[in-house]
Amino acid sequence: MRSGPLTQHDDKALVQRLLDGSEPAFRQFFDGQFPRLYRFVLARAGGDEDLAEELAQSTICTAMERLHSYRGEAALTTWLFTICRNRMVDLQRRSMRRFADVSELEAALESLDSGKETPVERARERDLAALVNIVLDAIPPRYSEVLLLKYRQELSMQEIGEQLGSSAKAVESLLTRARNAFKEAYRGVATLPSSEIQSHES
């Protein structure tokens with residue numbers, strides 16, 4: 001049996017055997033790639049083993065459906081990591097739907113400094129913060145400012161007005177516009193290509 005790492009030529013040969021329906025090839029593919037995918041997700045999910053297993057399995061399934069598109073231009077593992085990373089972004093996009101209502105927007109913003117203690121909670125909090133920040137960056141700075149003053153610093157309308165040099169009534173109107181802008185910006189973020197979301201997070 002051959003020892004040492006697989007080359008891209010080996011990867012292409014394995015993929016061809018998979019396309020031909022070889023059961024031993026699938027076992028080789030699964031046994032070789034699943035642990036790598038599992039560790040890849042686990043390192044990015046704060047030790048969430050259930051999520052790591054779920055995403056590793058779904059990545060394998062997606063890859064099997066797309067085998068015909070593999071051209072061997074990158075290592076098979078690299079190609080799988082790209083699929084897996086995109087699936088993680090898809091999960092983040094679905095999480096964003098929670099921000100459609102004002103009450104959920106409040107919960108999202110208030111959670112940014114909630115001090116979660118477990119690794120899984122901290123990882124999810126980081127993901128949530130990244131998603132909120134993407135949207136906050138997409139709206140006018142004054143809207144972002146008033147949202148953060150209200151929901152992160154938990155200031156009253158009067159206190160926000162003092163910081164912004166406005167009346168409490170003007171702040172209330174500004175906050176309403178900011179909430180609406182946040183929801184509109186979310187709709188735009190939800191349609192961004194995965195690569196753009198990833199580059200924003202890095």
Side-chain angles (χ1 to χ4, degrees), residues 1-100 108 111 116-135 137 186-202:
M1 179 177 293
R2 179 191 179 118
S3 61
L6 293 176
T7 66
Q8 286 176 231
H9 176 77
D10 296 324
D11 287 341
K12 289 181 70 174
L14 176 59
V15 168
Q16 186 56 57
R17 290 166 57 211
L18 288 168
L19 289 169
D20 292 339
S22 168
E23 183 65 29
F26 177 77
R27 180 50 54 191
Q28 178 185 350
F29 173 64
F30 185 89
D31 290 348
Q33 299 297 340
F34 181 87
R36 295 171 182 170
L37 290 166
Y38 180 86
R39 292 191 297 269
F40 179 81
V41 178
L42 196 66
R44 290 158 178 76
D48 190 331
E49 296 179 355
D50 290 339
L51 179 61
E53 183 172 358
E54 176 187 344
L55 282 177
Q57 289 177 346
S58 65
T59 298
I60 291 288
C61 291
T62 300
M64 290 299 295
E65 294 171 357
R66 300 180 184 174
L67 280 177
H68 63 279
S69 69
Y70 179 72
R71 297 290 181 264
E73 296 171 354
L76 186 57
T77 299
T78 301
W79 183 69
L80 289 168
F81 283 172
T82 299
I83 294 174
C84 188
R85 194 176 292 112
N86 288 340
R87 293 196 67 81
M88 294 175 74
V89 170
D90 289 341
L91 284 179
Q92 292 174 335
R93 285 176 172 173
R94 288 198 291 273
S95 296
M96 284 288 289
R97 295 191 179 99
R98 295 181 303 171
F99 306 151
S111 75
K116 300 296 184 183
E117 295 184 356
T118 71
V120 173
E121 288 174 328
R122 286 198 297 271
R124 288 174 177 166
E125 187 177 78
R126 286 195 300 270
D127 288 343
L128 179 60
L131 293 169
V132 171
N133 288 332
I134 288 172
V135 180
D137 286 347
Y186 155 67
R187 296 188 182 98
V189 168
T191 61
L192 284 176
S194 298
S195 58
E196 289 190 32
I197 294 180
Q198 291 162 3
S199 65
H200 196 295
E201 292 172 346
S202 59

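The shortest heavy-atom contact between Ser22 and Ala25 is OG-N, 3.1 Å. Closest of all the heavy-atom pairs between Phe81 and Arg36 is CE2-O, 3.8 Å.
Side-chain atoms of Thr78 never come within 3.5 Å of backbone atoms of Ala74 as a donor-acceptor pair (strictly under, hydrogens ignored). Of the possible donor and acceptor atoms, none in the side chain of Asp11 sits under 3.5 Å from a partner among the backbone N and O of Ala75.
Shown here are the side-chain contact (heavy atoms from CB on, under 4.5 Å) partners of Ala52, two or more places apart in sequence or in another chain: Tyr38, Val41, Leu42. Applying the side-chain contact (heavy atoms from CB on, under 4.5 Å) criterion to Arg66, with sequence neighbours excluded, gives Thr62, Ser69, Trp79, Ile83.
Note that the CE atom of Met88 and the CZ atom of Phe40 stand 6.5 Å from one another [nearest 0.5 Å].
Using cut-offs of 30° and 60° for the angle between ring planes, the Phe26 and Phe29 rings count as tilted.
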Carefully, step by step, assess Gln57 and Ile60 under the rule side-chain contact (heavy atoms from CB on, under 4.5 Å).
-> CA-CA 5 Å; Gln57 289 177 346; Ile60 291 288; 5.7 Å; no
Using the side-chain contact (heavy atoms from CB on, under 4.5 Å) rule, take Leu19 and Gln16 through it: C-alpha gap first, then chi angles, then the decisive distance, then the call.
-> CA-CA 5 Å; Leu19 289 169; Gln16 186 56 57; 4.2 Å; yes
Stepwise, does the side-chain contact (heavy atoms from CB on, under 4.5 Å) test hold for Gln28 with Arg17?
-> CA-CA 11 Å; Gln28 178 185 350; Arg17 290 166 57 211; 3.2 Å; yes
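When each of Thr59, Leu55, Thr77 is paired with Leu37, the side chain to side chain contact (heavy atoms under 4.5 Å, CB included) condition holds for Thr59 and for no other.
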